[in-house]
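To start, the structure under review is shown below, and the notes come after it.
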Amino acid sequence: MSYVSEVMERVVAKNPGEAEFHQAVKEVLDSLALVIDAHEEEFRKSGLLERLTEPERIVSFRVPWVDDKGAVQVNKGYRVQFNSAIGPYKGGLRFHPSVNQSILKFLGFEQVFKNSLTGLPIGGGKGGSDFDPKGKSDREVMAFCQSFMTELCKYIGADQDVPAGDIGVGGREIGYLYGQYKRIRGLYEGVLTGKGLTYGGSLARTQATGYGLVYITQEMLKHEGQSLAGKTVVVSGSGNVAIYATEKAQALGAKVVALSDSNGYIYDADGIKLDIVKEIKEVRRGRISEYAEKVAGSVYTEGKGIWSIACDVALPCATQNELNLEDAKVLLANGCTCVAEGANMPSTREATDYFLEKKILFMPGKAANAGGVATSALEMSQNSQRLSWTFEEVDGKLKDIMIGIYEKVSDAASRYGVAGNFVAGANIAGFEKVADAMNAQGIV
Ligand code: NDP
């Protein structure tokens with residue numbers, strides 16, 4: 001049996017019931033087979049893949065807090081510190097009822113390769129809780145965040161582990177988390193990214209994941225002699241990534257015609273009015289259905305189905321496994337020729353394989369959404385220098401990083417004889433740096 005197959009069997013046996021983690025590891029290992037087979041003896045001897053697929057540490061803890069009715073609530077909290085070979089652990093915190101250890105391990109594993117691709121010195125981690133911020137008062141969110149950080153603060157630090165936001169964790173949550181860290185540890189340091197601008201945040205961090213996604217999409221199109229100008233785009237989700245992907249796509253001349261949330265999707269043939277979406281989502285924390293009540297001619301449809309809307313470019317920006325094989329077939333049948341993932345693993349394995357088989361332009365999340373973590377690393381640099389760069393400076397660096405990622409991914413795919421397969425390219429390019437650093441550091 002090949003080394004890759006042996007390790008995959010071990011991962012399934014040792015992590016029972018963790019379907020998302022198995023899915024992420026399998027996708028990476030399958031596309032690394034080309035590299036691993038060429039160095040099988042060396043990698044086997046150092047147990048490289050066994051170490052790479054086992055998190056360095058997982059902290060799991062109780063998060064008790066009191067709700068507005070005076071009742072005690074208890075949530076689960078986690079931090080998965082996956083790999084620190086190339087830098088301190090870095091990766092977001094997700095607050096969503098679906099959060100469990102499998103989902104955080106899949107996200108932490110992906111983060112290792114993503115962070116490597118940015119070219120910046122950051123290792124991979126992820127954390128979060130099954131807490132649902134939706135419908136909670138500000139006081140409840142603060143009580144939860146303070147309790148969560150009271151435990152988490154023992155395991156993180158500016159040179160150790162630097163969490164950021166993710167689903168359900170935006171500026172408000174980062175503020176409450178940071179305040180509690182500072183209060184307990186007495187340190188005013190860059191321990192979280194995505195901070196507010198008045199206390200160490202970076203300009204352009206809010207926009208970074210969405211903007212970065214569009215920069216790399218534009219780069220892919222450019223290499224085909226095309227551009228986003230005049231293209232019809234469908235974006236799923238209506239959170240941080242979706243909103244700023246829409247903003248940049250529109251700025252580059254694309255027409256974004258749809259957005260969604262977990263209840264349904266809106267279609268606006270004239271192009272989404274983003275100021276209205278921002279007011280609904282960023283200010284009032286409302287539902288996307290409200291858009292159709294405000295914009296004449298737009299249509300809201302309850303449930304899934306956003307991928308049935310015809311488009312040239314699809315940007316899935318909501319959550320994992322939101323786009324399956326059937327969706328992929330419908331998208332392509334309707335003329336879509338380019339898919340770039342703003343969310344982490346939004347396409348199922350079957351959908352990804354279909355895109356690759358049909359040879360459309362397809363950029364996987366670990367490359368396409370790396371602009372968020374890259375800009376978080378730029379926030380860390382500014383914090384340690386005690387400096388704030390301008391929006392243009394940060395945005396310029398973000399753009400260069402995304403173009404650099406495209407080049408690394410495209411080059412790795414070509415080197416291994418699979419030109420145009422950016423899934424393999426991203427996994428290989430991300431892996432090479434981490435594997436080299438792990439080997440140099442001995443059996444740790
Ligand atoms: P937000 O919480 O801001 O927004 C998430 C959006 O996706 C919301 O519209 C939400 O709808 C929708 N959504 C969430 N879960 C589901 C679900 N189970 N089914 C359908 N829709 C769902 O999160 P972000 O925009 O920050 O994150 C979106 C994706 O991008 C995630 O996969 C995240 O890991 C990834 N990502 C985020 C980065 C960042 O910097 N923020 C960086 C890199 C990746 P609703 O409001 O109804 O829940």
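Keep in mind it's a predicted model, so treat the numbers as computed, not measured. In each ligand, atom 1 is the first atom listed, and ligand 1 is the first ligand listed.
Contact annotation: for Arg205 versus ligand 1, heavy atoms closer than 4.0 Å belong to the side chain alone. Looking at Ala164 against ligand 1, nothing comes within 4.0 Å, counting heavy atoms. With a 4.0 Å heavy-atom cut-off, ligand 1 is reached by the side chain of Thr209 but not by its N, CA, C or O.
No side-chain donor-acceptor contact under 3.5 Å links Glu18 and Asn100. No side-chain donor-acceptor contact under 3.5 Å links Glu27 and Thr352. Using a 3.5 Å distance cut-off with no hydrogens or angles, the side chains of Asn344 and Glu110 do not pair a donor with an acceptor. There is no side-chain donor-acceptor pair under 3.5 Å between Tyr89 and Gln111. Judged by distance alone, the side chains of Trp307 and Asn324 never bring a donor and an acceptor atom under 3.5 Å apart. For the residue pair Tyr215/Asp400, the side-chain donor-acceptor check at 3.5 Å is not satisfied.
Protein heavy atom in closest approach to atom 48 (O) of ligand 1: Lys134 NZ, 2.9 Å. Closest to atom 32 (O) of ligand 1 among all protein heavy atoms lies Asn344 N, 3.2 Å. Atom 27 (O) of ligand 1 has Ile167 CG1, 3.7 Å as its closest protein atom, hydrogens excluded (heavy atom only). The protein atom (non-hydrogen) at minimum distance from atom 16 (C) of ligand 1 is Thr319 CG2, 3.6 Å. Protein heavy atom closest to atom 46 (O) of ligand 1, with residue, atom name and distance, is Arg287 NH1, 3.6 Å.
Checking Gly165, Ala368, Ser238, Ala208 against atom 9 (O) of ligand 1, the nearest heavy atom belongs to Ser238. Between atom 28 (C) of ligand 1 and the options Gly170, Ala343, Ala318, the minimum heavy-atom separation is to Ala318. Taking each of Pro133, Ala242, Ser236, Ser262 in turn, the one with a heavy atom nearest to atom 21 (N) of ligand 1 proves to be Ser262. Nearest residue to atom 4 (O) of ligand 1 from Pro346, Gly128, Gly239 is Gly239 (criterion: closest heavy atom).
The side chain to side chain contact (heavy atoms under 4.5 Å, CB included) test applied to Ser384 returns no partner, not counting sequence neighbours. Pro55 meets the side chain to side chain contact (heavy atoms under 4.5 Å, CB included) test with Ile58, Val80, Phe82, Lys105; sequence neighbours excluded.
Between Thr246 and the options Val235, Leu315, Val241, a side chain to side chain contact (heavy atoms under 4.5 Å, CB included) holds for only Val235.
Checking only distances, Asp166 does come within under 3.5 Å of ligand 1, N or O to N or O. On a distance-only criterion, Val241 and ligand 1 share at least one N/O pair closer than 3.5 Å. No N or O atom of Asp261 sits closer than 3.5 Å to an N or O atom of ligand 1. In terms of polar-atom proximity, Asn240 is counted as a contact of ligand 1, with an N or O under 3.5 Å from an N or O of the ligand. Between Leu107 and ligand 1, not a single N/O pair is under 3.5 Å apart.
Remark: ligand 1 atoms within the under-4.0 Å shell around heavy atoms of His96 are 15 (N). Less than 4.0 angstrom separates some heavy atom of Cys317 from each of these atoms of ligand 1: 28 (C), 29 (C). Every atom of ligand 1 with a heavy atom of Arg94 under 4.0 Å away is listed here by number and element: 31 (C), 32 (O), 33 (C), 34 (O). Less than 4.0 angstrom separates some heavy atom of Gly168 from each of these atoms of ligand 1: 2 (O). Atoms of ligand 1 lying under 4.0 Å from any heavy atom of Gly237, numbered from 1 in the order shown and given with element: 9 (O).
Taking the ring axis of Trp389 as reference, the NZ or CZ atom of Lys397 stays within 45° of it and closer than 6.0 Å to the ring centre. Note that Lys273 lies outside the cation-pi zone of Tyr291, set by a 6.0 Å cut-off to the ring centre and a 45° limit from the axis.
Heavy atoms of other residues, nucleotides or ligands lying less than 6.0 angstrom from CG of Asp67 number more than 12.
Of the possible donor and acceptor atoms, none in the side chain of Ser202 sits under 3.5 Å from a partner among the backbone N and O of Arg205.
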